[in-house]
Amino acid sequence: TETLEPGEPTPTPEQAVAVPDLANFTGPAAEQALRQLLLVPVQQTANDPVIEFSKVISQEVAPGTVLAPGQPVTYTVSLGPLLVTVEDFVGVSAAVAQSQLGALGLPVEIVEEPSQNVTAGFVIGQSLSPGLRVPAGQVITLRVSRGDVVRFPDVIGLQRDEAERILENTAGLRLVFVDEQGRDRLIDYDTFADNQVVSAQVDGGSGIQNGEFVPRGSGVILGVKRGE
């Protein structure tokens, strides 16, 4: 125990203080609150996709922890979401575009569509303009070419005359033959109406379903129930 000289004042013991909860504080407000408690503020910064710019994200010393004056308290302040610059991906293969966008932190949504001018698998257009700065995590839609193909119209299930009319008006497809099928060839014969289209295939190729894409210029064979 230190012995005081006669007349020497007794020193005032330092009062321990509880660390405040800095959540929702701005950086300057957090600094001021800590200094008022005689604690040493140590500010760090980081990007955050949720916490708005200049607000405290976290603190290393838990709220309520008792410290002696002069002790450091480290806290992290948001710089807002990380912004990335969108590049021009038109004419780039979809695989390369997805890889580069993934590296930037931008999720990709692919929408495929026919194109007579752009090779299959390459980007026709994009939802975010080149040069735009956006937060990481924002979805970008890429329109990707299916190549020079045509959507096969929804004719399976229709009557023959209506199906033929629709095919005649579908650019890029031509009806080459109607295959009339009787009970000897058509499974579940009795479930179909007479002259109902029951199947379709590309001439010289495989069967196709309503809504499938086939090469432009394809010939089509329709299977139709022949009445008894």
Legend entry - With sequence neighbours excluded, residues passing side-chain contact (heavy atoms from CB on, under 4.5 Å) with S58: T76
Legend entry - Contact check, side chains of Q71 and V61, non-hydrogen atoms, under 4.5 Å: no
Inset, instruction - Compare every heavy atom of I156 with every heavy atom of N210, then report the nearest pair and how far apart it is. - result: OD1-N, 3.1 Å
Inset, instruction - Look at the side chain of E31 and the backbone N and O of Q43, then say whether any donor-acceptor pair between them is shorter than 3.5 Å. - result: no
Inset, instruction - Following the transitive rule for hydrophobic clusters with a side-chain heavy-atom cut-off under 4.5 Å over Ile, Leu, Val, Met, Phe, Trp and Tyr, establish whether L158 and V178 coincide in one cluster. - result: yes
Inset, instruction - Kindly say whether G157 contributes a backbone atom to a donor-acceptor pair with the side chain of Q196 at under 3.5 angstrom? - result: yes
Inset, instruction - Give a yes or no answer on whether the side chain of S93 reaches the backbone of V96 with a donor-acceptor pair at less than 3.5 Å. - result: yes
Inset, instruction - For L106 and Q138, work out which heavy atoms get closest and say how close. - result: CD2-O, 3.5 Å
Could you tabulate the donor-acceptor pairs under 3.5 Å formed by side-chain atoms of residues 214-228, not counting sequence neighbours?
residue: R216; atom: NE; partner: D148; partner atom: OD1; Å: 2.6
residue: S218; atom: OG; partner: P215; partner atom: O; Å: 2.6
residue: K225; atom: NZ; partner: Y189; partner atom: O; Å: 3.1
residue: K225; atom: NZ; partner: F192; partner atom: O; Å: 2.6
residue: R226; atom: NH1; partner: E180; partner atom: O; Å: 3.4
residue: E228; atom: OE1; partner: R183; partner atom: NH2; Å: 3.3
residue: E228; atom: OE2; partner: R183; partner atom: NE; Å: 2.8
residue: E228; atom: OE2; partner: R183; partner atom: NH2; Å: 3.2

Inset, instruction - Ignoring hydrogens and angles, tell me if any N or O in the side chain of Q209 forms a donor-acceptor pair with the backbone of F152 under 3.5 Å. - result: no
Legend entry - V197 to A163 - nearest heavy-atom pair and separation: CG2-CB, 3.6 Å
Legend entry - From S127 atom OG to L142 atom CG, the distance as rounded to the nearest 0.5 Å: 7.0 Å
Inset, instruction - Could you check if a side-chain atom of D48 sits within less than 4.5 angstrom of a side-chain atom of L79, using non-hydrogen atoms only? - result: no
